[in-house]
Amino acid sequence: MFAVMKDTNYAVKQTFIENFFTDWRKILGKNHIIKKFELCDFTPIYEWHLREKEKKKQMTTEEKKALREEKLKQEEKYMWAVVDGVKEKVGNFRVEPPGLFRGCGEHPKMGKLKRRIQPSDITINIGKGAPVPECPIPGECWKEVKHDNTVTWLAFWNDPISKKDFKYAFLAASSSLKGQSDKEKYEKSRKLKDHIQTIRDNYTKDFISKDVTKRQIAVATYLIDKLALRAGNEKDNGEADTGGCCTLKVDNVTCISPNKLQLDFMGNTVEIEELVCKAIECFHAGKKAGAALFDKLDTTTLDAHLNDLMPGLTAEVFRTYNASITLDGILHEETEDGTLLEKIDVYQRANKEVAIICNHQCCVSKSHDAQMSRVNEKIDKLKGRMDELKVDLSKVMEGRSLGNYKDGKPKRNLAPEIGHLTKSTCRIEKKISTLESKIEKMEIDKKIKEDLKTAALGTSKIKYLDPRITLSWCKRHEVPFEKS
DNA sequence: GGTTGAACTTAGTATATCGCAA
DNA sequence: TTGCGATATACTAAGTTCAACC
C-alpha cells in the first residue's frame with residue numbers, strides 16, 4: 001500500500017509516514033526485524049506496480065472489453081434493489097477496500113491503515129420477510145439484519161478510521177428516491193426566490209443593529225448569500241482544518257476599507273457593502289489570531305434564524321438558489337441565434353461562472369504546463385507567419401517581387417503587375433485579418449484555460465443547477481440535452 | 001437550549017471512456 | 001489510427017441537517 005503511493009506527495013509527508021509506520025509495526029509485531037522506516041526500500045514493490053500498470057495498458061481493446069464484461073456479469077446480482085416493488089439501481093455495493101487513509105489538506109490521520117471490512121462489521125437493511133442476502137464469505141455472517149423502512153440505506157458499517165462515523169450503501173443517484181429528494185431541493189430553492197428580497201432587506205437593516213448577535217447573523221447571512229459560503233459546522237480536533245462561514249477565524253478574513261474583502265481561501269478580493277466591511281472590522285476588534293470571527297454564532301443559531309425567515313430555509317439553499325438563478329440569468333441574457341457551438345459556449349461560460357461563485361476548485365492538472373507551452377508555441381508560429389505576410393504586403397505595395405520561400409521555390413506573386421495591386425493587397429490583407437482573428441481566439445482560449453485551471457465544473461452542474469433550467473433552454477434553442 | 005449522532009448531500013481526485021484532430 | 005484532451009464515473013472524504021437526547 002505504501003510503495004504504490006511512492007510518487008504521490010503523501011509519501012513524503014511526515015504525518016503520513018509516521019501514521020503508516022505506527023500501524024504497520026502493530027502488524028509486524030514487537031520482535032520483527034523491521035524496526036526503522038528509513039531502512040526500508042520500497043522501490044522493488046513500486047517497480048513491480050509500474051510493470052503491472054504497464055501490462056494493463058498494453059492489453060488490446062478486445063481484451064479490456066472482455067475483462068469489463070466478465071466483471072459486469074459477476075456484479076450484476078449486486079447492482080439492484082427492489083424498493084416498493086420497483087427495481088432500483090444501487091449506488092455503492094462494494095465496501096471500501098483496505099488502504100492507507102488519504103485525508104484532505106493536512107489531515108492528522110493521513111497514512112493510517114484503513115483495515116479490511118468483514119461481513120461481521122456490516123448491518124443489512126431489508127424488507128421484513130425479504131430473503132437475507134447471502135454472506136459472501138463461508139462461515140461468517142452479517143453483524144445484524146434490520147427492517148427499518150424510515151431510512152434509505154441498504155447497509156452500513158463503522159468507518160475504521162473515525163469510529164464514530166458510518167459508511168453507507170445507498171441507492172444510485174439515478175434512483176427515484178434520490179431523484180425525488182433532488183427535486184424537493186430545487187423546489188425549495190425556487191421558493192427562496194419569493195422571499196429573497198425581504199431577506200436581503202432584512203439583513204441589510206441589521207448591518208447596523210445595536211445587538212451584536214443580530215449584526216453577526218446579518219453579516220453571516222450576507223456572506224452566505226453574496227459569496228456562497230457554506231454553513232461551517234464546528235469540527236472535532238483530529239479532523240481536517242477547513243472552515244465555512246460560522247467557523248471563520250479573524251485571520252481568514254481581511255477587510256480592505258472601504259468596501260473590499262479578502263478571504264484567504266479564495267483567490268480574489270471581493271467587493272462588499274461598506275456597512276459589512278465596517279461590521280467585520282468591528283468583529284475583529286480585540287481578538288487574537290485564531291479567534292472566531294462570529295463568536296456569537298454557530299450553524300444551529302444561524303439555521304434557526306433562517307428557518308424563521310422561510311420554513312425549511314438553510315444555508316445550503318442559498319447556494320442552490322444563487323447557482324441556479326445565475327445560470328438562468330446568463331442563459332437568458334447571452335444566448336443568441338448562432339451556431340450550436342456558440343450556444344454551447346454560452347452554456348459552458350454560465351457553468352463556469354457558477355463554479356467560480358461556489359468556489360469549486362480542483363488541482364491543476366499534471367499536463368497543464370505542457371499544454372500551455374504547446375498553445376504558446378502555436379501562437380508564436382502564427383505570429384511568425386503574420387510577420388511574413390506583413391513583409392509580403394509591404395513588398396507588394398512597393399511593387400517588388402516577393403522573393404523565395406525557404407525551400408527556394410518562388411513565392412506565388414500575387415501582384416505581378418501594378419494594375420493588380422488593389423486586388424492582391426486585398427488578398428494578403430484578408431489573410432492577415434483571418435490570421436489575426438485566429439490568434440485572437442487562441443489568446444482568449446489560452447486566457448480562459450489559465451483562469452480556469454483550478455475551477456471544477458462538474459460539482460456545480462450536478463449539485464446546484466436545476467436541470468429543468470438546462471432542459472428548457474435546450475428545448476428553446478434546439479440544443480440536444482446531452483450536449484449541455 | 002445545547003449536544004450528539006444518524007443519515008444524507010456535497011466535493012475533489014483518480015481512473016475510465018469518449019471524441020476529435022493530426 | 002493514434003494520441004491527446006475533455007468528459008463521465010467511481011470512490012470516499014468532508015460537510016450539512018435534523019431530530020433525539022440530556
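By convention in this document, chain letters (A, B, ...) are assigned in the order of the sequence lines, proteins followed by strands, and residues within each chain are numbered from 1. Everything numeric here is computed off the predicted structure, so don't read it as measured data.
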Separation of [N] [atom2] from [X] [atom1] (nearest whole Å):
{"X": "N92(A)", "N": "dA13(C)", "atom1": "CG", "atom2": "P", "value": "12 Å"}
{"X": "M5(A)", "N": "dT12(C)", "atom1": "CE", "atom2": "P", "value": "13 Å"}
{"X": "Y168(A)", "N": "dT10(B)", "atom1": "OH", "atom2": "C1'", "value": "16 Å"}
{"X": "I161(A)", "N": "dA13(C)", "atom1": "CD1", "atom2": "C1'", "value": "11 Å"}
{"X": "D298(A)", "N": "dG2(B)", "atom1": "CG", "atom2": "C1'", "value": "9 Å"}
{"X": "M79(A)", "N": "dA10(C)", "atom1": "CE", "atom2": "P", "value": "9 Å"}
{"X": "D165(A)", "N": "dA14(C)", "atom1": "CG", "atom2": "P", "value": "10 Å"}
{"X": "K167(A)", "N": "dA13(C)", "atom1": "NZ", "atom2": "P", "value": "4 Å"}

Next on the checklist: Assuming nearest nucleotide by heavy-atom distance, tell me which of K71(A) and K461(A) is located more 5' along DNA chain C.
Outcome noted: K461(A)

Using OP1 and OP2 only, check whether a side-chain N or O of [X] sits under 4.0 Å from [N].
{"X": "Y464(A)", "N": "dA11(B)", "answer": "yes"}
{"X": "K185(A)", "N": "dT10(B)", "answer": "yes"}
{"X": "T152(A)", "N": "dA7(B)", "answer": "no"}
{"X": "Q348(A)", "N": "dT7(C)", "answer": "yes"}
{"X": "K235(A)", "N": "dA14(C)", "answer": "no"}
{"X": "H107(A)", "N": "dA14(C)", "answer": "yes"}

Checklist entry - Per the side chain to side chain donor-acceptor pair (under 3.5 Å) rule, which among S174(A), S176(A), S175(A) passes with E88(A)? => result S176(A)

Give [X] one of three labels, base, sugar-phosphate or nothing, depending on what nucleic acid heavy atoms sit under 4.0 Å from its own.
{"X": "T299(A)", "result": "nothing"}
{"X": "F156(A)", "result": "nothing"}
{"X": "G91(A)", "result": "nothing"}
{"X": "D303(A)", "result": "sugar-phosphate"}
{"X": "F170(A)", "result": "base"}

Checklist entry - Quick one: is the NZ or CZ of K167(A) closer than 6.0 Å to the six-membered ring centre of W157(A), and within 45° of its axis? => result no

Choose from [options] the nucleotide whose nearest atom is closest to any side-chain atom of [X].
{"X": "P97(A)", "options": "dT12(C), dT16(C), dC8(B)", "value": "dT12(C)"}
{"X": "K114(A)", "options": "dA13(C), dA7(B), dT10(B)", "value": "dA13(C)"}
{"X": "R230(A)", "options": "dA11(B), dT17(C), dA13(C)", "value": "dA11(B)"}
{"X": "R319(A)", "options": "dA11(B), dC8(B), dT9(B)", "value": "dA11(B)"}
{"X": "K463(A)", "options": "dT10(B), dC8(B), dT17(C)", "value": "dT10(B)"}

We want to know whether [X] and [Y] form a side-chain donor-acceptor pair, criterion being a heavy-atom distance below 3.5 angstrom.
{"X": "N19(A)", "Y": "T22(A)", "result": "no"}
{"X": "E334(A)", "Y": "Y347(A)", "result": "no"}
{"X": "N351(A)", "Y": "S460(A)", "result": "yes"}

Item to check | Aromatic plane relationship, F2(A) with F20(A) - under 30° parallel, 30 to 60° tilted, over 60° perpendicular | outcome: parallel

Next on the checklist: Tell me whether the count of non-hydrogen atoms from other residues, nucleotides or ligands lying under 6.0 Å of CG in D387(A) goes above 12.
Outcome noted: yes

Item to check | Short N-O contact, K287(A) and D295(A), less than 4.0 angstrom | outcome: yes

Checklist entry - Should R94(A) and E75(A) count as an ion pair when the cut-off is N to O under 4.0 Å? => result yes

Checklist outcome for this item: Assign each of F166(A) and T300(A) the nucleotide of DNA chain B bearing its closest heavy atom; nearer the 5' end lies the nucleotide of T300(A)

Item to check | Reading 5' to 3' through nucleotides 12-21 of chain B, protein heavy-atom contacts under 4.0 Å coded B for base, S for sugar-phosphate only, - for none | outcome: SS---S----

